[in-house]
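The block underneath contains the structure these notes are about, expressed in structure tokens.
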Protein chains: 2
Amino acid sequence: MSNVNDHLDKLMQELRRGTLTIGVLSQLSEPQYGYSLVTMLGDKGIHVEPGTLYPLLRRLEKQGLLDSKWDTNESRPRKYYLLSKTGKEVYCLLVGEWMGIVDSLNHVIQQKGEEENGAD
Amino acid sequence: MSNVNDHLDKLMQELRRGTLTIGVLSQLSEPQYGYSLVTMLGDKGIHVEPGTLYPLLRRLEKQGLLDSKWDTNESRPRKYYLLSKTGKEVYCLLVGEWMGIVDSLNHVIQQKGEEENGAD
DNA sequence: TACAATAGTGTGCGACATACACTATAATGA
DNA sequence: TCATTATAGTGTATGTCGCACACTATTGTA
């Protein structure tokens with residue numbers, strides 16, 4: 001009910017937007033399946049729920065950034081995803097864009113940011 | 001349609017999400033009106049259209065992060081926005097979250113990035 | 001009159017979260 | 001052995017909401 005904490009949550013969620021894509025692409029230089037990605041990313045501080053990740057994977061595949069193949073040899077069939085050639089290029093460009101955003105944001109943040117700062 | 005460049009654009013746009021809010025909040029330690037913000041931010045590398053900024057300002061005000069007052073003394077009436085007390089707190093928390101995101105993203109990005117070379 | 005400055009609104013899109021359903025294997029107990 | 005349950009793993013439907021974009025409205029000024 002219009003709580004500040006509530007708004008903060010929304011804001012933070014918005015802030016995270018798009019970053020998950022980079023996170024996923026970054027892990028797919030070698031084939032991974034959905035569940036392993038959830039584990040890997042969670043291990044690196046990027047928590048994502050399966051119900052969020054799977055649609056993202058399919059979206060990226062549909063856009064041609066990922067290739068996928070089913071592995072039915074193992075006990076459970078798993079769908080492995082891998083960066084396509086296009087995906088690699090897009091990933092690089094995306095990282096570049098990300099760096100740019102970080103840069104400009106850091107500029108405006110640092111204008112006022114040394115008054116109460118807990119940087120260690 | 002379905003061009004790679006097209007997808008890239010979308011991805012980048014998503015990446016920018018939420019960052020505009022930080023940009024705006026960062027400038028409102030002192031009162032600014034919409035049009036001046038467009039100029040200021042654009043000057044700092046954050047391009048935003050009035051039609052994007054105004055709804056954002058009103059949203060943030062409705063959420064209690066901004067205070068506003070009309071200045072009708074000048075030739076044209078201008079609506080000045082300023083960080084509220086809550087806004088300052090949220091801004092700090094948001095910056096903290098931002099730092100965290102930047103940090104984890106940097107980790108996963110740096111994992112790979114030496115194998116591929118100029119994609120052109 | 002025309003244009004720039006300034007503010008506002010409406011609509012559509014799309015990623016994400018959430019909840020849910022489904023399958024197959026493994027483990028457990030009767 | 002067979003039913004039941006847990007869990008690993010994948011897939012889908014829906015709702016929310018911020019943002020981009022294209023509008024409109026007003027006013028001051030050249």
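A, B, ... follow the sequence lines: proteins, then strands. Residue 1 opens every chain.
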Checking all strands, does [X] fall into the base, sugar-phosphate, or nothing category for heavy-atom contacts under 4.0 angstrom?
{"X": "B/Tyr81", "result": "sugar-phosphate"}
{"X": "B/Pro50", "result": "nothing"}
{"X": "A/Arg17", "result": "base"}
{"X": "B/Gly34", "result": "sugar-phosphate"}

Could you check which of [options] has an atom nearest any side-chain atom of [X]?
{"X": "B/Gln63", "options": "C/dT18, D/dG18, C/dT6", "result": "D/dG18"}
{"X": "B/Leu56", "options": "D/dG11, C/dG10, D/dC19", "result": "D/dC19"}
{"X": "B/Thr21", "options": "D/dG28, D/dC19, C/dG8", "result": "D/dC19"}

Seminar exercise, completed: One should read off an interatomic distance between A/Leu82 CG and A/Leu65 CG, to the nearest 0.5 angstrom, of 12.0 Å

[X] versus [Y], closest heavy-atom pair with distance:
{"X": "A/Gly42", "Y": "A/His47", "value": "O-CE1, 3.9 Å"}
{"X": "A/Trp98", "Y": "A/Ile22", "value": "CB-CD1, 3.8 Å"}
{"X": "B/Pro55", "Y": "B/Thr52", "value": "CD-O, 3.5 Å"}
{"X": "A/Val38", "Y": "A/Val48", "value": "CG1-O, 3.5 Å"}
{"X": "A/Tyr91", "Y": "A/Ser26", "value": "OH-CB, 3.2 Å"}

Are [X] and [N] close enough that a side-chain N or O sits under 4.0 Å from OP1 or OP2?
{"X": "B/Tyr54", "N": "C/dG8", "value": "no"}
{"X": "A/Arg59", "N": "C/dA15", "value": "yes"}
{"X": "B/Thr52", "N": "D/dC19", "value": "no"}
{"X": "B/Tyr33", "N": "C/dT6", "value": "yes"}

For this session: Describe, in one word, how the ring planes of A/Tyr33 and A/Tyr80 are oriented to each other, choosing from parallel (under 30°), tilted (30 to 60°) and perpendicular (over 60°).
Result: perpendicular

Exercise. DNA chain D: B/Leu20 or A/Trp70, which has the more 5' nearest nucleotide?
Worked result: A/Trp70

Exercise. If you pin A/Arg78 and A/Lys10 to their nearest nucleotides in DNA chain D, which one's is more 5'?
Worked result: A/Arg78

Nucleotide [N], atom [atom2] - distance to [atom1] of [X] in whole Å:
{"X": "B/Glu49", "N": "D/dC21", "atom1": "CD", "atom2": "P", "value": "5 Å"}
{"X": "B/Glu14", "N": "C/dG14", "atom1": "CD", "atom2": "C1'", "value": "6 Å"}
{"X": "B/Leu15", "N": "D/dG18", "atom1": "CG", "atom2": "P", "value": "18 Å"}
{"X": "A/Asp9", "N": "C/dC16", "atom1": "CG", "atom2": "P", "value": "16 Å"}
{"X": "B/Leu66", "N": "C/dA7", "atom1": "CG", "atom2": "P", "value": "14 Å"}
{"X": "B/Leu37", "N": "C/dA7", "atom1": "CG", "atom2": "P", "value": "9 Å"}
{"X": "A/Met40", "N": "D/dG9", "atom1": "CE", "atom2": "C1'", "value": "17 Å"}
{"X": "B/Arg16", "N": "C/dC16", "atom1": "CZ", "atom2": "C1'", "value": "19 Å"}

Exercise. If pairs are Watson-Crick or G-U with both distances under 3.5 Å, what is the dot-bracket string of DNA chain D, marking crossing pairs with [ ] and pairs to another strand with |?
Worked result: ||||||||||||||||||||||||||||||

Exercise. Salt-bridged, A/Arg17 to A/Glu14, with N to O below 4.0 Å?
Worked result: yes

